[in-house]
Amino acid sequence: MTSPESGRSPTGNRNPTEVKMSQMVLPCHANYRGELSVGQLLKWIDTAACLAAERHAGCPCVTASMDDMYFEHTISVGQVVNIKAKVNRAFISSMEVGIQVSYEDLCSGTQWNVSNAYATFVAQSQGSEKVKLKPLVPQTEEEHTEYSIAAERRRMRLVHTDTIKDLLTKSTIRDERESDDGNGEVPAERTRVESVELVLPPHANHQGNTFGGQIMAWMENVATIAASRLCHAHPTMKTIEMFHFRGPSQVGDRLLLRAIVNNAFKNSMEVGVCVEAYGQEGEVSRRHINSAFMTFVVLDEKNRPCILPRIKPEAGDGERRHKEANARKKIRLDRKYVISCKQSEVPLSVPWDPSNQVYLSYNNVSALKMLVAKTNWVLATEISKVRLYTLEEDPFLSFRVEMTVAIDVKQAFLLLSDLCRRHEWDHYYRKCELLQKVDEDDAIYHVISMMRSTEDKLQDFVILASRRKPCDTGDPYVVAFRSVTLPTYPENPEYTRGETLCAGFCIWKHDDQQTRVSYYNQFTSGFISYLTTNIAGLSSDFYTIFQACEKFLEQNKDDVAIRIQNL
């Protein structure tokens with residue numbers, strides 16, 4: 001059943017897109033162990049997410065993609081699945097839907113989280129004109145955060161395939177089981193599964209297109225069979241990797257589903273699934289609908305992962321898939337490590353390498369946007385329209401400095417994103433060197449600060465700077481900073497290596513002549529005395545620095561204006 005009830009904003013307005021679904025797990029939904037099949041869960045998830053998307057769009061919507069899904073728990077017969085879905089952000093004709101899945105035991109009253117996911121839906125036009133979605137207006141702090149970060153997640157989806165290609169071409173991925181002697185290898189061909197499904201009206205929406213959740217359920221079925229053929233046991237799905245639907249299928253289509261184990265790691269295996277559609281005319285007209293990669297484990301009686309047989313890939317494409325599975329595993333672990341953790345759980349300096357650069361950049365920008373979306377900032381002091389705000393949230397103390405400058409927003413963005421010029425206005429910056437230009441939006445710098453450590457040494461930092469232009473009207477220009485570790489640039493005994501968790505600028509257009517600049521920082525221990533002294537009113541250091549920043553922007557705006565014209 002679905003429920004229109006939803007949470008309310010502080011103003012009492014109900015979120016108009018939120019959908020809640022509760023389903024009792026019956027024996028017909030379960031596998032041999034009496035646990036809810038992942039295929040059935042995917043159908044419920046897709047249905048709830050589609051209803052949320054259609055509430056916002058006001059027209060039929062189809063599933064375009066699904067981000068990584070991690071299944072933390074299994075669900076038993078008799079328990080209740082609770083799904084909450086709501087639109088986080090609408091773009092031109094697509095929208096991101098956030099999904100939360102939990103389950104409850106009605107006898108004990110306890111609840112557990114199962115999975116959090118993000119899906120992209122596309123609105124379908126009724127005629128020849130393309131649908132243009134209305135903007136979503138976030139109400140709560142949580143909604144503002146999800147709205148802001150949705151643009152960054154969208155950016156990450158668009159480069160996902162290129163990330164894997166780059167890792168395969170630029171890096172050497174070691175097979176974690178290459179030292180095995182090869183005894184007991186299972187030929188991958190033995191795990192191959194091929195199955196055909198006929199799309200009937202119950203499998204389709206009101207426009208006759210196959211439900212994305214139904215396709216995902218069929219994919220899970222063949223993937224489970226393939227995994228079982230390797231381990232000769234009943235596997236448990238743990239992960240579905242990010243995937244995209246390449247095109248629709250309709251009632252009357254035949255869907256050809258093929259699955260094979262691409263690689264078996266020590267305790268898990270990757271199964272690749274491909275879906276093609278064709279009509280009554282036969283397989284000559286097959287269309288590629290979707291491909292996905294699913295990770296399975298086999299659990300013993302104590303719920304511990306079992307060691308799996310090693311797979312022997314087929315020559316040619318099989319070897320390619322085997323190698324790509326190694327790359328996907330590394331990227332998947334990097335992505336979960338960097339993105340899925342709460343901000344307080346992410347290590348300050350994460351080692352940077354080509355495989356995780358996209359996800360570190362994402363974490364860098366999203367952490368700043370989460371800080372910006374906080375609503376409980378407190379004005380600590382104001383001097384000549386330069387305002388200092390603070391935010392206390394264990395275990396962090398953050399500050400925000402805000403001012404309005406007579407400069408074009410693009411000019412301010414270019415000047416403030418160049419760390420090599422920061423010493424011109426910030427006297428805490430002694431020197432800054434560009435270590436690596438990662439791409440157009442990201443760069444890594446070495447910064448020597450004038451601040452001293454407890455050992456009376458100057459502090460230095462290795463900083464990842466990530467720039468973002470606005471995704472839509474009303475979005476700020478963003479320059480985010482965080483510490484990373486570069487193997488090629490180890491600590492120097494001359495300095496004490498400092499770390500920055502989250503810092504950066506958000507820059508908004510105030511009017512045609514003025515720009516609002518806000519600087520944020522979740523400070524580390526070395527910054528406490530500086531910040532508390534300013535809060536107590538014993539120093540106007542923050543005002544001096546940002547007054548110098550204002551002068552720097554105004555004095556250099558003409559030079560950067562010429563650069564903008566030449567771009």
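Side chains included, hydrogens not; waters and symmetry mates left out as well; all remaining heavy atoms used. Along the sequence shown, residues carry numbers from 1.
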Results of side-chain hydrogen bond (donor to acceptor under 3.5 Å, both in side chains) for S291 - residues two or more places apart only
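Checked S291 against side-chain hydrogen bond (donor to acceptor under 3.5 Å, both in side chains); matches are H288.
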Problem - Quiz item: cation-pi between R254 and Y278, 6.0 Å / 45° - result: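 No, R254 does not sit over the ring of Y278.
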Once you measure the plane-to-plane angle for H29 and W44, does it fall in the parallel (<30°), tilted (30-60°) or perpendicular (>60°) bin?
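Because their plane-to-plane angle is over 60°, the rings of H29 and W44 count as perpendicular.
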| Aromatic ring pairing Y477/F413, orientation class (parallel under 30°, perpendicular over 60°, tilted between) |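 Tilted.
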Between R192 and E189, is the closest basic N to carboxylate O distance under 4.0 Å?
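Looking at R192 together with E189, the answer is yes, because their closest N to O distance falls below 4.0 Å.
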| Electrostatic pair E276-R246, nearest N-O below 4.0 angstrom |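 No salt bridge links E276 with R246.
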Would you say [X]'s side chain and [Y]'s backbone share a donor-acceptor pair under 3.5 angstrom?
X	Y	result
N262	E270	no
S417	R467	no
Q79	S76	yes
S366	I149	no

Qualifying residue for side chain to side chain donor-acceptor pair (under 3.5 Å) with N263, from K323, H322, R328: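 Among K323, H322, R328, the one that satisfies the side chain to side chain donor-acceptor pair (under 3.5 Å) with N263 is H322.
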- prompt: Which pairs count as side chain to side chain donor-acceptor pair (under 3.5 Å) when at least one residue sits in residues 227-239, sequence neighbours excluded?
  reply: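 Checked against side chain to side chain donor-acceptor pair (under 3.5 Å) - neighbours excluded - the pairs reaching residues 227-239 are R33-T236.
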